[in-house]
Amino acid sequence: MPAGVDGRLSGRPAAPGTGAAGAAGAPLRVAIVGGGISGLGVAYYLAREARQGGLCLECHLFEAERQPGGKLRTARLTWEAGRGEALVELGAESLVSYKPRPLQLARELGLEDQLVSPAGPLGTLIFRRGRLRRLPAGLMGLVPTSLGEWVRTDLVSWPGKLRMALEWLVPPRRDGADESLACFVRRRLGQEAVEALAQPLLAGIHGGDAERLSVLAVFPRLREQETRYGSLLRAMLAARGAGSGAAGRAPGGSGGTSAGPGFWSLRGGLGQLAAALKRACGPTVQVHTGCRVDELAPLGPEGGFWLRAGGRPWQADAVVLAVPAWEAARLVAPWDPVLARGLGAIRYASVAVAALVYPAAAVPRQSPVWRSSGVLVAPGQDPPGLCVSACTWFSTKWPHSVRGPWVVVRASVGRDGQEEALQKNDAELLQAVQEDLSRLAGLAGPAAAARLQRWPLSLPQYEVGHRERVRALEERCGLHPGLFLAGAAWNGAGVADCLERAEQVASRLAAFLGQQAPARNSVSREGSPLARSCAG
């Protein structure tokens with residue numbers, strides 16, 4: 001056992017002669033490293049499992065930042081001495097309806113009256129080859145569901161449209177092997193579909209390169225459609241016939257459908273979801289903010305883990321690493337270099353999000369601000385010098401977010417392999433963003449208010465073979481009973497994917513804890529308020 005261990009997660013001395021499981025009568029103890037949506041999700045779902053299963057649990061969540069929530073970061077901007085005010089998302093922007101888990105959770109947490117949808121089907125634009133072009137509405141599997149949309153769009157040339165129409169005749173791949181998203185789209189829809197659709201969508205959603213990202217890890221539905229129907233066009237027609245076009249729509253489709261809006265948010269910002277999750281965990285979970293975990297080690301044959309967080313030693317029966325893979329690699333490297341190398345092999349891209357406010361009167365009438373929800377910039381197609389990879393006309397898409405005649409813009413900078421602009425200092429980067437917005441939307445003049453949020457090494461890149469790498473990492477974790485992985489690096493980077501993984505981890509963790517000391521499941525530990533809540 002590392003020197004200086006003076007107690008368990010409660011901070012009290014361990015009973016003589018006990019292992020990590022502790023003496024009979026002590027609650028089972030869990031440490032969750034990372035307080036983003038994944039860590040909070042694990043804590044919430046684990047607390048629910050404990051209540052339903054009569055499991056006596058003491059859970060501590062350690063978050064290095066001053067507030068939990070991770071990339072659920074809602075900012076309140078004010079200007080003109082407080083006369084102007086707006087809410088804007090500096091992390092995740094919205095919740096997608098085709099993955100309903102966050103919506104279900106919002107309702108569980110009593111936030112149903114806070115749910116709000118965008119202001120109408122405004123559509124999305126793509127900046128390609130020096131021009132703004134409309135993304136066909138209702139994309140499903142990168143195929144427009146409307147023939148009229150397909151005919152009218154100038155995003156793809158007529159030869160490109162013809163090649164996409166011939167997708168019907170392309171034989172499906174049956175070997176089940178992984179391939180890059182670009183390879184998949186090129187094989188089925190042609191090179192122009194890669195440039196016009198796949199690349200800008202992947203850059204906007206994942207900050208990634210379609211030539212490197214795995215189709216099985218990023219858009220598994222595409223391969224499922226190919227395998228089941230033999231063609232994406234046949235899959236689209238089958239979905240339309242079954243009335244389920246909305247359920248099958250791929251990310252990046254614009255506008256809503258008869259099934260409802262494609263996106264949702266919360267009236268007070270997505271930060272509300274993190275705050276409500278923290279409250280709903282109850283007394284079973286204690287959240288430590290501004291508390292970085294510096295060391296982690298297994299205790300040995302007796303099981304359990306030792307960690308140092310906030311300068312203090314702690315012990316736990318189980319540990320959940322809900323942090324980026326590179327951070328998890330740092331923690332496990334001293335005692336499992338093989339696991340550390342596997343974790344460290346997952347690459348991340350860095351991005352920044354800028355929020356800017358302009359007077360509505362200064363925005364030209366012909367500006368795309370008034371006729372779309374935002375713009376995706378096609379990689380490699382824009383003239384040199386454009387640093388913005390995507391932008392949302394935030395006040396147009398979410399009119400509840402601003403008070404008064406103002407336009408709020410949210411712009412993303414950086415994508416995998418194109419992060420040079422992020423080397424600028426804050427003032428220089430904001431100036432570069434304003435210059436791009438002037439070109440893209442006619443937003444001239446200085447912004448009335450601006451906020452910049454940097455997210456270094458924040459977007460995991462699911463490269464070809466990612467699912468096999470994740471499987472190998474989880475098998476390696478199995479050599480350390482009680483060690484679990486959560487977060488965006490494994491099965492999806494969106495809020496819904498992180499919550500789904502969190503619920504799965506919580507279920508597996510509850511099963512593991514239930515096997516450790518069944519006799520303690522309903523017994524409280526004297527003097528510990530967290531333990532008394534188990535008995536109460």
Side-chain angles (χ1 to χ4, degrees), residues 96 98-99 135-151 153 155-203 205-206 208-254 257 259 262 461-471 490-494 497 500:
V96 291
Y98 67 93
K99 292 184 178 181
L135 182 69
L139 285 183
M140 190 197 80
L142 299 180
V143 176
T145 56
S146 166
L147 179 60
E149 287 280 343
W150 195 335
V151 170
T153 183
L155 180 61
V156 181
S157 68
W158 278 107
K161 293 173 186 177
L162 177 60
R163 173 59 184 86
M164 292 176 71
L166 293 176
E167 190 269 344
W168 192 287
L169 304 177
V170 177
R173 184 170 183 170
R174 298 294 189 187
D175 60 7
D178 199 2
E179 62 185 319
S180 73
L181 187 73
C183 286
F184 177 91
V185 174
R186 188 179 295 117
R187 178 169 57 81
R188 297 223 57 88
L189 297 165
Q191 176 62 26
E192 195 168 355
V194 174
E195 299 173 0
L197 294 173
Q199 286 284 25
L201 289 177
L202 266 293
I205 298 171
H206 293 271
D209 182 356
E211 297 288 355
R212 304 184 67 165
L213 295 183
S214 158
V215 68
L216 293 181
V218 177
F219 284 164
R221 182 179 289 274
L222 294 177
R223 179 60 71 78
E224 293 166 8
Q225 290 170 338
E226 179 186 36
T227 301
R228 180 177 178 184
Y229 297 99
S231 162
L232 302 183
L233 287 170
R234 290 192 189 97
M236 179 267 288
L237 293 174
R240 287 180 61 184
S244 58
R249 190 174 57 227
S254 55
T257 71
Q461 301 299 295
Y462 303 160
E463 297 185 331
V464 174
H466 181 77
R467 296 209 303 192
E468 287 69 27
R469 283 190 288 274
V470 170
R471 191 177 299 116
W490 318 116
N491 305 113
D497 301 304
E500 182 174 1

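Just so you know, these numbers come straight off a predicted model, no measurement behind them.
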Exercise. Would you name the heavy atoms of Q225 and L232 that are closest together and state the gap between them?
Key: OE1-CD2, 3.6 Å

Quiz item: L135 and L197: side-chain contact (heavy atoms from CB on, under 4.5 Å), yes or no, with the steps?
Solution: CA-CA 8 Å; L135 182 69; L197 294 173; 3.6 Å; yes

Quiz item: Are any side-chain N or O atoms of Q199 and backbone N or O atoms of A210, one a donor and one an acceptor, separated by less than 3.5 Å?
Solution: yes

Quiz item: Counting distance only, does the side-chain N/O of R469 pair as donor-acceptor with the main-chain N or O of E463 below 3.5 Å?
Solution: yes

Self-check item: Criterion side chain to side chain contact (heavy atoms under 4.5 Å, CB included) against R188, the qualifying member of L166, L222, V170, L233
Solution: V170

Self-check item: Heavy-atom side-chain contact between L201 and F219 under 4.5 Å
Solution: no

Self-check item: Rounded distance (nearest 0.5 Å) linking atom CZ of R187 with atom CD of E226
Solution: 4.0 Å

Quiz item: Is the backbone N or O of V215 less than 3.5 Å from a side-chain atom of H466, with the two atoms forming a donor-acceptor pair by type?
Solution: no

Practice problem: Report yes if some heavy atom in the side chain of D209 is under 4.5 Å from a heavy atom in the side chain of Q461; otherwise report no. | Solution: no

Quiz item: Judged by atom type as modelled, is there a donor-acceptor pair below 3.5 Å linking the side chain of E195 to the main-chain atoms of V156?
Solution: no

Exercise. Verify, without hydrogens or angle tests, whether Y462 (side chain) and A493 (backbone) share a donor-acceptor contact under 3.5 angstrom.
Key: yes

Exercise. Drop me the distance from L202's CG to R212's CZ, to the nearest 0.5 angstrom.
Key: 13.0 Å

Exercise. Could you tell me the separation between the CZ atom of F184 and the CG atom of L213, rounded to the nearest 0.5 Å?
Key: 14.5 Å

Quiz item: Which pair of non-hydrogen atoms, one from S214 and one from G465, has the smallest distance, and what is that distance?
Solution: CB-N, 4.4 Å

Exercise. May I ask you to test the V194-V185 pair for a side-chain heavy-atom distance under 4.5 Å?
Key: yes

Quiz item: Taking it one step at a time, do E192 and R163 satisfy side-chain contact (heavy atoms from CB on, under 4.5 Å)?
Solution: CA-CA 9 Å; E192 195 168 355; R163 173 59 184 86; over 6 Å; no

Quiz item: Is the side chain of D178 donor-acceptor paired with the backbone N or O of V464 at a distance under 3.5 Å, no angle test?
Solution: no

Self-check item: For the student: nearest non-hydrogen atoms of A196 and P200, plus distance
Solution: O-CG, 3.2 Å

Quiz item: Out of curiosity, L216 CG to E224 CD, how far, rounded to the nearest 0.5 Å?
Solution: 9.0 Å

Practice problem: Check for a donor-acceptor pair, side chain of R223 on one end and backbone N or O of R173 on the other, with a separation under 3.5 Å. | Solution: no

Quiz item: If every non-hydrogen atom of K99 is compared with every non-hydrogen atom of D497, which pair is closest and at what distance?
Solution: NZ-OD1, 2.8 Å

